[in-house]
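Notes to accompany the following structure.
Just follow the structure's listing: the first ligand is 1, and inside any ligand the first atom is 1.
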Amino acid sequence: MCSHGSIGRRCLLPHIMCGIVGYIGYRNASDVLLDGMHRLEYRGYDSAGIAIRDKDSIGIQKEVGKVSDLEKLVSSMKPGGHQGIGHTRWATHGEVTSLNAHPHTDLRKNVTLVHNGIVENFMELKAELEYSGVSFTTETDTEVIAQLLAQIHHGDAVSSLVELSSRLKGSYAMAILIRDEADRIYCIRKGSPLVLGIGEGESFCASDVPALLPYTKDFIYLDDGDIAELSAAGIKTWNSQGEKISKDVCRVDWDVSMVDKCGYPHFMLKEINEQSRVLRDTLCHRVNSSGIDLSAELTISSAEVAALKKVHIIACGTSYYASLVAERFMENITDLDIRVDIASEYRYRSIVTGKDTLAVFVSQSGETADTLAAERLVKKTGATCIAVTNNPNSTLAREVDHVLQLMAGPEIGVAATKTFSGQLAVLYLLGLFLGKQRGTLSTSQEEKFLSEFANLPYKIDTILMKHEEIRILAEKFADSRNFLFLGRGLSFPIAMEGALKLKEISYIHAEAYAAGEMKHGPIALLDSEVPVVVINPRDELYEKTLSNIQEARARRAPIISVITEGDVVSQKNAQASVSVPATENDLTPFLTVIPLQLFAYYVARHRGCDIDQPRNLAKSVTVE
Ligand code: F6R
């Protein structure tokens, strides 16, 4: 039994990051499936469907929209079976229609399945099937899988699945009902995530643990190529060759309340408010009386650390911005050559790595396709690979040499907030560890950082208490069509993160610039209609940024500044300002990001946006 500290987006139509759920047991299957699908909506939410087996018949219901739209349809039909599969879909290409929603079947309905991933050779397979007389009702790659499996399957289901996977190229996680296998659900995965849940007289599968938390805490994580058979009596597993295997059962210590809103109107607001707890939990596991101690997770010898020359940090989106902050911090306290790259760029460049490289992959989900692809390339060169992730059982976590887990607990809101703080905290600790091991960080510096780290949760709480002040400010600017975010040094990536939060949940155009770069172009955008959000804590670049504020003011742009408490000069130079408590210069990002998250939240709320599930986005980007 292993343990689990906390958990943790080509084909013609369906570039899909989706959520899948499967259930077999004694409960009403549609209830379990819909409940699980609600908890997976963060993975995709443009259409949904379920297939329920009741005696010999398999009934399929699909609906465009959210799981709640499907729920209305299902509640009028009241399906009674105790076995079924469900799917919530997120498509990047093609129409969102009920026809293209999952589950998909072959024409005779011998095989019914839900699928997360992409079958890259589906055109080729489809042409073969069409040549042999099969006709198709959708343009999805998933229907191709269903038709292919129906053609392959004669007799033993596991052998049929072994053959199926030998024919498929790409990534997939599937839950499958086979007509002549009445009391079973089959699962198979390669590339896309899938967990199995163990119950008493019932079995489950889902794309992610939160979907099943109300029912079980015991999980099996399938490896690439694994096949599973779920029945009310239990779970059997086979490897990609069809050989029977036994898998470890992992007990998760997450509570179902962790995936509930607990009275908050949105998961995002709940998660913003959890950030002081995240910092406390991050530190409490890694700091003791002798200072920073990562030995439980990083078994890198002093000689190995001494031999390092460079640190490459690779990530996407918010995780990339957290990495940019960490880059600047690590530069200040180590002698290492640090670089940060966007995974989707890094993987296609000729960047030299090797034994002298510490490669740090930062991913909340641990399933981001580009980050994983970059990790696989770097690993081959002999670099030491570390995952900084909220999901210690993710594909990324299982492929790297060392895992530094975020102590954030499940993040359900699509916009990352508490995992950003968790990533910052873990990356800072990694920087301190490297500085200490290489002798570039003195004991007094280490003590100074660690003691101020311990104060940050309290300081975060004082900022969170200003939510009403930030709400009023946000509502005043909520009708603006464009925002510019500015910052220097450590505050530049915070400006990028603030702009990302605003655009992804409020759909307002927001651009972030290094404050010193504004006069090299973006200043042309400024007038009285473009608010400029300036992140300007009292650090060594404060005066420089103050000059940039004057330049923006001279173009009549309204200034909203995030400043250090007591900074009267900045207050006088802004239309509005939000202050944060003073802290060590290097630690200001932990505080300055909080008002920006709240600002984005309240702007989006005022505009009536779907905050937890913004349009066109999905939480886990499992395709390239
Ligand atoms: C923004 C956001 C995304 C993710 C990005 C990487 O709020 O959540 O930009 O940060 O998709 O995801 P992970 O960290 O799971 O690799």
(message) Before you tell me yes or no, could you show the steps for Glu271 and Gln597 under side chain to side chain donor-acceptor pair (under 3.5 Å), namely the whole-Å CA-CA distance, both residues' side-chain angles and the distance that decides it to 0.1 Å?
(response) CA-CA 10 Å; Glu271 289 159 2; Gln597 294 169 340; over 6 Å; no

(message) Judged on heavy-atom distance to atom 1 (C) of ligand 1, which of Lys503, Gln597, Glu504, Glu411 sits nearest?
(response) Glu504

(message) Could you tell me, atom by atom, which parts of ligand 1 come under 4.0 Å of a heavy atom of Lys501?
(response) 1 (C), 7 (O)

(message) Out of all atoms in ligand 1, which are within 4.0 Å of some heavy atom of Ser363? Include the element for each.
(response) 13 (P), 14 (O), 15 (O), 16 (O)

(request) Indicate the ring-plane relationship of Phe477 and Phe599, choosing parallel, tilted or perpendicular according to the 30° and 60° boundaries. (result) tilted

(request) Kindly determine whether Phe433 and Tyr428 satisfy ring-ring contact (aromatic ring centres under 6.0 Å, His included), including the steps that lead there. (result) CA-CA 9 Å; Phe433 166 83; Tyr428 268 55; over 10 Å; no

(request) Only one of Asn390, Asn391, Thr389 passes side-chain contact (heavy atoms from CB on, under 4.5 Å) with Leu406; say which it is. (result) Asn390

(message) I want to know if ligand 1 touches Thr371 in the polar sense, i.e. an N/O pair below 3.5 angstrom.
(response) no

(request) Please confirm whether Thr389 comes under 4.0 Å of ligand 1, counting heavy atoms of the residue only. (result) no

(message) Side chain, backbone, both or neither: which applies to Thr419 and ligand 1 if a contact is any heavy-atom pair less than 4.0 Å apart?
(response) neither

(request) Assess the pair Phe483 and His509: is the distance between their ring centroids shorter than 6.0 Å? (result) no

(request) Within a distance under 4.0 Å of any heavy atom of Thr368, pick out the atoms of ligand 1 and give their elements. (result) 12 (O), 13 (P), 15 (O), 16 (O)

(request) For Ala416, take its heavy atoms, then give the atoms of ligand 1 lying under 4.0 Å from any of them. (result) 7 (O), 8 (O)

(message) Which residue is it: Val362, Leu358, Val400, Val403? I am looking for the one with a side-chain contact (heavy atoms from CB on, under 4.5 Å) to Ile386.
(response) Leu358

(message) Quick check for you: to the nearest 0.5 Å, what is the distance between Glu327 atom CD and Ile313 atom CD1?
(response) 6.5 Å

(request) May I ask which of Ala315, Gly317, Cys316 has a heavy atom nearer to atom 6 (C) of ligand 1 than the others do? (result) Cys316

(message) Quick check on contacts: which atoms of ligand 1 are under 4.0 angstrom from a heavy atom of Ala415?
(response) 7 (O)

